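Inspection log for the structure reproduced underneath, given as structure tokens.
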Amino acid sequence: MPTTSNLVGKRAVLGVTGSIACYKAVDIASKLTQLGVEVDVILTRAATQFVTPLTFQSVTGRRAYRDEDLWGDEGHVLHIGIAKAANLLIVAPATANTLAKLANGIADNLLSLTAVANTAPLLVAPAMDGGMYEHPATQDNLAKLEAQGAHIVGPASGHLASGLKGVGRMEEPALLVGWARYWLGRGGPLQGRRLVVSAGGTQEAIDPVRVIANRSSGKQGYAIAQTALDLGADVTLVSGPTALAAPVGAEVVQVTSADEMLAAVLAAAKGADALIMAAAVADFKPAQASGQKIKRAKGAPTIELSANPDILQAVAAMKGRPAVLVGFAAESQDLLANAAKKLKDKDLDLLVANDISAKDAGFEVDTNRVVILARDGSQAELPLMSKAEVAAALLERVDKLLESK
Ligand code: C5P
């Protein structure tokens, strides 16, 4: 199963209008294409002053359109064809002029015609120079578009092409691609399902400076959260400290310690369909964290440890527990025997076991090699794959279990 199977073959129209942020739109087209999305680019006349259709064709592998094409071979129905096939219309960058057209149904070029014919969600990323964004007409048009159901992302504030500083910069491509994924994913197989995913390691305070931590990067949990969003789920991500960017569209709850993670997971799991505990929760914490930094001069301290609560067991025991509980087991020996015991002890539906002694699997790397054990005793040994692919394989099983309940 490809990593983002629900996005593969989806169609997005990317409308590009006359702003210097056009060059960033190339990145959006490229990233969406890499996810398997078919991107039809439409440039306005002003956009072609900054970039050419060839620029986009080179990254999408598909024809990019400009106004002249409206009167080309396909005749006057080109815009209808493009709009009908679209699962999402993105206008990025959107100038004040194009915003005005979109808000008021003006259809005087290929992009604005397509927008009027479009019934898919509309994602708009305004980009304009200082003052233009604040103009009452622009503000009215944005409010109007929002009232019509459009999703406006940005603009951000910062350096503007004119040298001014202020609000008007197009939002970063990564954020726009995140929202595009989110809207393309709606209506997917996990639509209407609420999933809670935990990710990353926890940190247990020794004193105000030092912690007991572990090597979990959070990559596997974040990949599960992102793939669940791609598949249409509503996702709450309970995350320990990581360097990763939050998946766009997820509700993210940041925690530090196992106790905090327990509270956050219990709260989020109420009414959820599934809990996937990918986090590496510390089993032990210092029994008493020192209020002051421990002084080296006093010699090496002895730190007494106490057990952390088992979050999965607490959720398994709660009233109205999620229909599907998934645990992870990182083992360095006797992988399958330990994993099967964990599945039973924690009363889980699925358990993802990985051998952390392998260099290409487990902590910090982008790939994983796992065995998925199920309550019915079945075991699926998956080959080495990306963490996104592991996420897709796991969520396919979660989906099947939810369907069967
Ligand atoms: O027992 P062990 O820590 O190996 O179990 C790993 C699984 O249990 C993971 O899914 C982890 O998120 C979860 N866990 C938990 N609470 C703990 C420790 C681990 O829910 N205190």
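Just so we're clear, the structure is a prediction, and the values are computed from it rather than from any experiment. The residues of the chain are indexed from 1 along the displayed sequence.
With sequence neighbours left out, the side-chain hydrogen bond (donor to acceptor under 3.5 Å, both in side chains) criterion links Ser257 to no other residue. Under the side-chain contact (heavy atoms from CB on, under 4.5 Å) criterion, Asn104 pairs with Ile106, Asn141, Lys144, sequence neighbours left out.
Under the 3.5 Å distance criterion, with hydrogens and angles disregarded, no donor-acceptor pair is assigned to the side chains of Thr138 and Glu134. A donor-acceptor contact closer than 3.5 angstrom links the side chains of Thr202 and Glu204. Checked by atom type, the side-chain pair Asp207/Gln292 shows no donor-acceptor distance below 3.5 Å. Side-chain contact of Asn109 with Ser112: a donor-acceptor pair under 3.5 Å is present, judged by distance alone. Between the side chains of Thr52 and Thr55, at least one donor N or O lies within less than 3.5 Å of an accepting N or O. Residues Asp283 and Asn308 have side chains that never bring a donor and an acceptor to within less than 3.5 angstrom of each other. A donor-acceptor pair shorter than 3.5 Å cannot be found between the side chains of Thr95 and Asn97.
The pair Asp347-Arg321 counts as a salt bridge, with a side-chain nitrogen and a carboxylate oxygen less than 4.0 angstrom apart. Note on Arg375 versus Asp349: salt bridge recorded, some NZ/NE/NH1/NH2 to OD/OE distance being below 4.0 Å. Lys405 and Asp273 are not joined by a salt bridge, as no carboxylate oxygen comes within less than 4.0 angstrom of a charged side-chain nitrogen. Ion pairing between a basic and an acidic side chain is recognised when a charged N comes within 4.0 Å of a carboxylate O; Arg369 and Glu381 show no such pairing. Electrostatic pairing of Asp234 and Arg194 does not count as a salt bridge here, judged by no charged N lying under 4.0 Å from a carboxylate O.
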Trp179/His151 under ring-ring contact (aromatic ring centres under 6.0 Å, His included): CA gap, chis, key distance, verdict: CA-CA 9 Å; Trp179 280 117; His151 310 286; 7.9 Å; no
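Counting all heavy atoms, side chain and backbone alike, Ala127 lies closest to Ser19 at CB-OG, 3.8 Å.
Rounding to the nearest 0.5 angstrom, the gap separating the CG atom in Asn6 from the CZ atom in Arg186 is 9.5 Å.
By the 6.0 Å and 45° rule, Arg63 does not stack over the aromatic ring of Tyr65.
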